Amino acid sequence: RTGGNYGCSTTAWSTICTWTVGSGLITVYGSTGADGCYTSLTNAGGVFAAINITAQTGNNIAINICGSSTAETGTNSLNAGTWATLTIYPSSTGLTISGSVAGPLINLNSADNVTIDGSINQTGTKDLIISNTNTAGAVMQFINDATSNSIRNCVITGVTTSAVSGLIVFSTGQTIGNNNNVIQNCDIRDGVTTPVNAIYSSGSSVAINNSNNSITNCNIFNYFSSSLASNGILIASNSSAWNITGNKFYQTANRTSTAGVTSHAINIITASGGGYTVNNNIIGFASNASTGTTTYDGAFANLYRAIELTVGTSPVSNVQGNTISGISFSTTSGSAVAPGIFSGISVLAGSVNIGTTAANIIGAATGNGAISITSTTSLGYIAGIYVTSNLSVSIQNNIVGSISTAGAVTIGYTFYGINTAGTGSFTISSNIIGNTTTANSIAIGTSGTTTTGVCTFNGINNAASGIISITNNTVQNCSSFGT
């Protein structure tokens with residue numbers, strides 16, 4: 001694995017590869033006993049197998065991707081070591097690490113302080129592609145207390161069809177969970193087909209949960225199943241205190257269901273875990289430039305929630321500064337039970353601040369039809385923000401506007417700008433439902449048509465029984481065209 005047969009030099013930190021790009025050369029420098037040249041990361045005789053032989057105590061290890069490796073088998077995980085740093089990065093543009101693996105392609109098994117930086121020589125924009133082409137496999141997995149790792153500037157593609165997996169998986173832990181990991185400035189997307197989930201977390205227990213992980217400034221797109229519930233990020237259980245900030249969630253093609261499915265951009269289901277930060281994400285459109293429209297259709301009882309949280313008591317979670325817009329959604333459902341057929345922000349349990357420091361925008365602050373909802377069955381429930389909780393929740397400064405419905409004249413809808421329920425205490429203040437200058441900012445029923453279906457508009461509705469404060473809100477230029 002070492003020497004001139006591969007035409008590589010490992011005599012300097014900035015490892016120089018002279019092997020033909022595309023041949024799959026990978027060089028290692030800074031290790032104990034594993035320096036040299038390899039043809040794979042994960043295969044027998046590959047980089048991970050060599051590094052795993054010794055503890056690598058105190059080493060600063062560089063793994064330089066000089067050529068594409070397209071036959072990775074995922075045979076060897078990167079296991080626990082006591083290196084100071086371990087960094088994987090490409091030395092030239094257009095390189096790929098890929099394989100067809102019925103499991104994780106890259107498995108960080110108790111490994112800490114690993115950085116995979118997809119920019120060229122760790123400088124510039126995202127470049128390295130990491131791909132698993134197997135429908136039964138993840139691209140990356142954190143397992144058995146993998147902590148303080150960073151994946152940045154990578155293009156991560158895959159096609160997993162499992163509802164309990166994702167392209168990136170945070171799996172079970174041993175004693176502390178898989179914590180303090182960062183996914184930053186990556187494209188996380190489809191391969192030949194779309195994955196069910198882009199990112200998935202399911203920890204071991206309430207005590208051994210996956211906590212303080214960050215997903216920031218990523219493009220997360222083209223996650224969809226026509227027959228299963230799909231999610232951009234699904235934090236399914238035993239997790240807490242994630243930071244989900246600055247990401248863009250969208251679909252570049254129309255998504256047509258073949259069964260009644262629920263689609264989420266962000267779905268957090270950890271009633272025992274709190275302290276989440278869901279800030280400054282953009283959900284909708286058809287590109288990372290916020291152009292075009294994310295479209296869901298199909299003649300089935302589909303449901304949509306952009307952001308949904310079922311979270312714990314303490315610490316309080318925050319949902320701030322998110323934009324949900326550029327969405328066209330069609331369904332046959334007439335579900336009248338909250339959160340209904342469409343909900344921008346939905347909280348099903350927990351203590352949450354929504355918009356208290358930065359306004360969430362559901363639809364748009366101006367204009368018409370930034371979100372369009374169509375059903376073939378009457379009385380479907382639609383909410384900009386829906387919260388049911390037995391704890392304290394603050395809903396402030398948010399904007400719900402530029403939302404319209406469509407469909408036959410016999411179809412009516414029930415709309416809520418903000419709707420609260422439960423036994424908790426709610427502060428609802430300084431929100432804008434509609435718009436102060438745009439006519440029909442929220443239009444329920446069809447403008448210019450006498451909709452015979454019953455359309456009901458509610459600006460702010462409270463059904464909660466705790467201490468309630470509703471002050472300084474604006475409801476304006478909202479129309480209900482039905483009977």
Side-chain angles (χ1 to χ4, degrees), residues 194 196 223-231 250-265 267 283-286 292-308 324-346 362-364 367-386 400-417 419 440-458 461 478-483:
T194 56
V196 175
Y223 49 90
F224 176 72
S225 170
S226 63
S227 58
L228 297 172
S230 59
N231 305 269
Y250 56 94
Q251 305 291 331
T252 64
N254 288 15
R255 303 303 175 197
T256 301
S257 65
T258 58
V261 298
T262 303
S263 299
H264 294 81
N267 187 12
I283 299 170
F285 305 104
T293 303
T294 281
T295 299
Y296 292 94
D297 55 29
F300 294 91
N302 308 309
L303 308 175
Y304 184 82
R305 289 89 172 86
I307 299 172
E308 188 162 85
I324 301 163
S325 188
I327 299 172
S328 175
F329 176 75
S330 298
T331 182
T332 63
S333 176
S335 175
V337 179
I341 61 174
F342 184 100
S343 182
I345 297 172
S346 175
I362 297 97
N368 303 95
I371 295 175
S372 176
I373 302 157
T374 303
S375 181
T376 58
T377 303
S378 267
L379 304 182
Y381 175 108
I382 301 166
I385 300 172
Y386 169 72
V400 180
S402 190
I403 299 174
S404 63
T405 65
V409 296
T410 56
I411 303 301
Y413 301 88
T414 301
F415 179 88
Y416 295 85
N419 190 23
N440 302 323
S441 172
I442 297 176
I444 309 306
T446 304
S447 178
T449 301
T450 303
T451 303
T452 58
V454 176
C455 288
T456 303
F457 171 85
N458 303 272
N461 180 76
C478 303
S479 300
S480 177
F481 295 103
T483 55

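Because the structure is a prediction, the values reported are computed rather than measured. If you read the sequence from its start, that first residue is 1, and numbering goes on from there.
- Atom CD1 of residue I283 and atom CD1 of residue I345 lie 8.0 Å apart, to the nearest 0.5 angstrom.
- Here the rule is side chain to side chain contact (heavy atoms under 4.5 Å, CB included) with F224, and of N231, T194, N254 only T194 fits it.
- Side-chain polar atoms of T294 and Q251 form no donor-acceptor pair below 3.5 angstrom.
- Considering all non-hydrogen atoms of both residues, I341 and S375 come closest at CD1-CB, 4.4 Å.
- No donor-acceptor pair closer than 3.5 Å links the side chain of S226 to the backbone N or O of T256.
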After noting the C-alpha distance and the side-chain angles of T405 and F481, does the key distance pass the side chain to side chain contact (heavy atoms under 4.5 Å, CB included) rule?
CA-CA 10 Å; T405 65; F481 295 103; over 6 Å; no
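- When each of F415, Y416, Y413 is paired with F457, the ring-ring contact (aromatic ring centres under 6.0 Å, His included) condition holds for F415 and for no other.
- Listed for the S480 side chain is a donor-acceptor partner under 3.5 Å among the backbone atoms of C455.
- Looking only at distances, a side-chain donor or acceptor of N368 sits under 3.5 Å from a matching main-chain atom of N440.
- Rounding to the nearest 0.5 Å gives a distance of 10.0 Å between OG1 of T446 and CD1 of I411.
- Taken to the nearest 0.5 Å, the CD1 atom of I382 stands 4.0 Å off from the CD1 atom of I373.
- Remark: the backbone N or O of G340 is paired with a side-chain donor or acceptor of R305 at under 3.5 angstrom.
- The OG atom of S372 lies 11.0 Å from the CD1 atom of I327; values are rounded to the nearest 0.5 Å.
- Considering only heavy atoms from C-beta on, T414 comes within 4.5 Å of N458 through its side chain.
- Taking both residues in full, the closest heavy atoms of N461 and N419 are given as ND2-OD1, 2.8 Å, listed atom of the first, atom of the second, then distance.
- Across S230 and V196, no two heavy atoms sit closer than the pair CB-O, 3.1 Å.
- Screening T262, D297, N302 for a side chain to side chain donor-acceptor pair (under 3.5 Å) with S257, the sole residue that qualifies is N302.
- Below 30°, between 30° and 60°, or above 60°: for Y304 and F342 the angle between ring planes is below 30°, a parallel geometry.
- When all heavy atoms are compared, the tightest approach of S404 to G369 is OG-CA, 3.8 Å.
- Of all heavy-atom pairs between G260 and F300, the closest is N-CB, 3.7 Å.
- Annotation for T331 and S333: closest pair OG1-N, 2.9 Å, computed over non-hydrogen atoms.
- To the nearest 0.5 angstrom, L379 atom CG is 11.0 Å from S335 atom OG.
- Under the side chain to side chain contact (heavy atoms under 4.5 Å, CB included) criterion, S402 pairs with A364, A370, not counting sequence neighbours.
- Considering OG of S346 and CG of L303, their distance stands at 11.0 Å, rounded to 0.5 Å.
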